[in-house]
Amino acid sequence: RRVQDELGDSAMETLPADGAWVGYLLRPKDGAERKPGAWRAAAVVANPTGRTARVRIRHGGFEHDGSLAAYGYALIPF
């Protein structure tokens, strides 16, 4: 629910994988109503492996560099 509150009506696109993780980017659709100060986008990432994965996102003007625990997942707001 929080993602919908922040982004409103959003579009989803697959992020190019950079290692062991997989994920997608949510961003407001053109013309979607948003609250002032709301997130510009959010990434949902998952690590389907038994080892910690480095997560580097450089996509569509959004950047993130971090790690994800084995079999972990995360929501990354931008």
Task: Sub-4.5 Å side-chain heavy-atom contact between P77 and E6 - done: no
Side-chain atoms of residues 44-55: list all donor-acceptor pairs with protein atoms under 3.5 Å, sequence neighbours left out, distances to 0.1 Å.
from, atom 1, to, atom 2, distance (Å)
N47, OD1, T49, N, 3.0
N47, OD1, T49, OG1, 2.7
N47, ND2, R51, O, 2.7
N47, ND2, L68, O, 3.3
N47, ND2, A69, O, 3.2
T49, OG1, R51, N, 3.4
T49, OG1, R51, O, 3.1
R54, NE, D65, OD1, 3.1
R54, NH2, D65, OD1, 3.4
R54, NH2, D65, OD2, 2.8

Open item on the list: Quick check for you: to the nearest 0.5 Å, what is the distance between E63 atom CD and I57 atom CD1?
Closed with: 10.5 Å
Task: Approximate separation, where rounding is to 0.5 Å, of K29 NZ and D9 CG - done: 4.0 Å
- [ ] With R27 as reference, evaluate R40, E13, M12 under the side-chain contact (heavy atoms from CB on, under 4.5 Å) test and give the passing residue.
- [x] E13
Task: same_hphob_cluster(Y24, W21) at 4.5 Å side-chain heavy-atom cutoff - done: no
Task: Spacing of NE2 belonging to H59 relative to OG1 belonging to T14, to within rounding of 0.5 Å - done: 8.5 Å
Task: same_hphob_cluster(W39, F62) at 4.5 Å side-chain heavy-atom cutoff - done: no
Task: Heavy-atom closest contact (A41 atom, L25 atom, distance) - done: CB-CD1, 4.0 Å
TODO: Give a yes or no on whether the backbone of H64 and the side-chain of R58 come within a donor-acceptor separation of less than 3.5 Å.
DONE: yes
- [ ] Take L26 and F78 through the side-chain contact (heavy atoms from CB on, under 4.5 Å) test and state the conclusion after the steps.
- [x] CA-CA 10 Å; L26 294 165; F78 295 102; over 6 Å; no
